[in-house]
Participant: 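Take this structure first; my questions come after.
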Amino acid sequence: MSKSVLKPVAALASVAVLALSPLAFSHLDENEFHQSYRQSYFALLGANFGPIGAMVKGEMPWNQEQLQGFTDDMNAVASLNVLRGFPEGSDKGTTRAQPEIWENPDDFAQKHDDMTSAVKELASVVEGGDRAAIAQQVGAVGQTCKACHDEYKSKDYLY
């Protein structure tokens, strides 16, 4: 590739990085790092799970390629260690995390493991392309999310 072509490509890449960098830190609050970390994690899970559910429910057109992409991204996010975002003392601040998380850390961790396993299985099922099996596994993922939300997530910010 010639230098005349590389310069505009490099400039465009630089602009894209600068333009997109606020998105990477949209939840970052340096005074509440742990709260920001876990909120970003769950926002990314939801941003990928929403369209998956919408396709399964027929609320948006079924697109197997997009479905695979959302599922792969959700699986990648789910594989991150969000539990490190819940250290002692991070129960205060801008959070919906109920105090029961710190009272029952083993149960909370198990519920997280259940969710990551269900998401991993969803990625496998989506590869097969069987819509009925996909819908069933989407329901299973949703149940793991609900199990944790029911016990450990407040509807409103606590502090």
Side-chain angles (χ1 to χ4, degrees), residues 13-63 65-126 133-159:
S14 297
V15 168
V17 167
L18 290 174
L20 295 175
S21 63
L23 295 176
F25 298 105
S26 63
H27 279 277
L28 184 61
D29 179 336
E30 63 188 37
N31 297 316
E32 294 185 343
F33 175 79
H34 293 101
Q35 294 86 338
S36 295
Y37 177 78
R38 61 193 190 227
Q39 288 169 12
S40 296
Y41 172 89
F42 291 116
L44 285 169
L45 282 179
N48 285 286
F49 195 52
I52 293 168
M55 281 187 210
V56 167
K57 294 175 188 174
E59 295 170 353
M60 68 184 280
W62 190 276
N63 181 311
E65 185 177 331
Q66 286 182 350
L67 181 66
Q68 187 70 56
F70 287 123
T71 304
D72 289 346
D73 289 349
M74 187 174 178
N75 192 32
V77 172
S79 72
L80 296 173
N81 181 9
V82 74
L83 297 179
R84 68 185 165 134
F86 292 90
E88 289 293 327
S90 69
D91 57 330
K92 304 288 187 247
T94 307
T95 186
R96 290 185 175 145
Q98 296 277 28
E100 289 80 5
I101 290 171
W102 292 270
E103 295 167 10
N104 304 303
D106 293 338
D107 183 60
F108 181 68
Q110 183 59 57
K111 283 181 172 37
H112 179 262
D113 288 348
D114 294 345
M115 183 272 299
T116 59
S117 294
V119 170
K120 188 174 187 175
E121 180 62 22
L122 176 62
S124 176
V125 171
V126 166
I134 292 168
Q136 184 175 0
Q137 190 59 31
V138 166
V141 171
Q143 287 302 310
T144 65
C145 295
K146 183 179 180 338
C148 200
H149 290 191
D150 287 350
E151 290 187 50
Y152 298 117
K153 181 183 177 190
S154 173
K155 290 182 179 25
D156 300 308
Y157 285 104
L158 298 176
Y159 303 99

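Just so it is clear, the values below take in all heavy atoms, side chains as well, and ignore hydrogens, waters and symmetry mates. Fair warning: this is a prediction, and the values are worked out from it, not measured in the lab.
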Participant: Is there side-chain contact between Leu122 and Val138, with heavy atoms separated by less than 4.5 Å?
Facilitator: yes

Participant: Rounded at 0.5 Å granularity, tell me how far CD in Gln98 sits from CG in Asn104.
Facilitator: 11.5 Å

Participant: Taking all heavy atoms of Ala78 and all of Met115, pick out the closest pair and write down the distance.
Facilitator: CB-SD, 4.2 Å

Participant: Would you please say whether a donor-acceptor pair under 3.5 Å links the side chains of Gln110 and Asp106?
Facilitator: no

Participant: Which pair of non-hydrogen atoms, one from Pro51 and one from Gly46, has the smallest distance, and what is that distance?
Facilitator: CD-O, 4.4 Å

Participant: Decide if atom CD of Gln136 counts as having more than 12 heavy atoms of other residues, nucleotides or ligands within a radius under 6.0 Å.
Facilitator: no

Participant: If you take all heavy atoms of Val82 and Tyr37, which pair is closest and at what distance?
Facilitator: CA-CE2, 3.8 Å

Participant: Are Tyr152 and Asp107 close enough that some pair of their side-chain heavy atoms sits under 4.5 Å apart?
Facilitator: yes

Participant: I'd like to check Phe49 versus Val119 (side-chain heavy atoms, cut-off strictly below 4.5 Å). Are they in contact?
Facilitator: no

Participant: Are the side chain of Thr95 and the backbone N or O of Lys92 linked by a donor-acceptor pair below 3.5 Å?
Facilitator: no

Participant: Mark yes when over 12 heavy atoms from residues, nucleotides or ligands other than Glu103 sit less than 6.0 Å from its CD; otherwise mark no.
Facilitator: yes

Participant: Taking the side chain as every heavy atom from C-beta outward, state whether Leu67 and Ile52 have any atom pair closer than 4.5 Å.
Facilitator: yes

Participant: Supply the atom-to-atom distance His34 NE2 to Glu88 CD, rounded to the nearest 0.5 angstrom.
Facilitator: 11.5 Å

Participant: How many angstroms lie between NZ in Lys155 and NE2 in His149, if you round to the nearest 0.5 Å?
Facilitator: 11.0 Å

Participant: Counting distance only, does the side-chain N/O of Glu121 pair as donor-acceptor with the main-chain N or O of Ala140 below 3.5 Å?
Facilitator: no

Participant: Check Asp72, Leu44, Thr116 against Val77 for a side-chain contact (heavy atoms from CB on, under 4.5 Å) and give me the one that passes.
Facilitator: Leu44

Participant: Can you confirm whether Lys153 sits close enough to Cys148 that some side-chain heavy atom of one is under 4.5 Å from a side-chain heavy atom of the other?
Facilitator: no

Participant: Which atom pair, heavy atoms only, marks the closest approach of Ala123 to Thr71?
Facilitator: CA-CG2, 3.3 Å

Participant: Please check this pair: side chain of Trp102 against backbone of Phe86, looking for a donor-acceptor N/O pair closer than 3.5 Å.
Facilitator: yes

Participant: What is the distance from atom OG of Ser154 to atom CD of Glu100, rounded to the nearest 0.5 Å?
Facilitator: 10.0 Å

Participant: Work out which heavy atom in Pro87 is nearest to a heavy atom in Gly85; give both atom names and the distance.
Facilitator: CD-C, 3.2 Å

Participant: Find out whether Met74 and Leu45 are in side-chain contact, i.e. whether some heavy atom of one side chain is under 4.5 Å from a heavy atom of the other.
Facilitator: yes

Participant: Can you check whether Gln66's main-chain N or O pairs, donor with acceptor, with Asn63's side chain at less than 3.5 Å?
Facilitator: yes

Participant: Can you measure from CD (Gln39) to CD (Glu32) and round to the nearest 0.5 angstrom?
Facilitator: 7.5 Å

Participant: Looking at every non-hydrogen atom in both residues, tell me the closest pair between Val56 and Ala135 and how far apart they are.
Facilitator: CG1-CB, 3.6 Å

Participant: Distance-only, no hydrogens or angles: does the Ser117 side chain make a donor-acceptor pair with backbone N or O of Asp114 under 3.5 Å?
Facilitator: no

Participant: Starting at CG of Leu83, measure out to OH of Tyr41 and round the result to the nearest 0.5 Å.
Facilitator: 7.5 Å

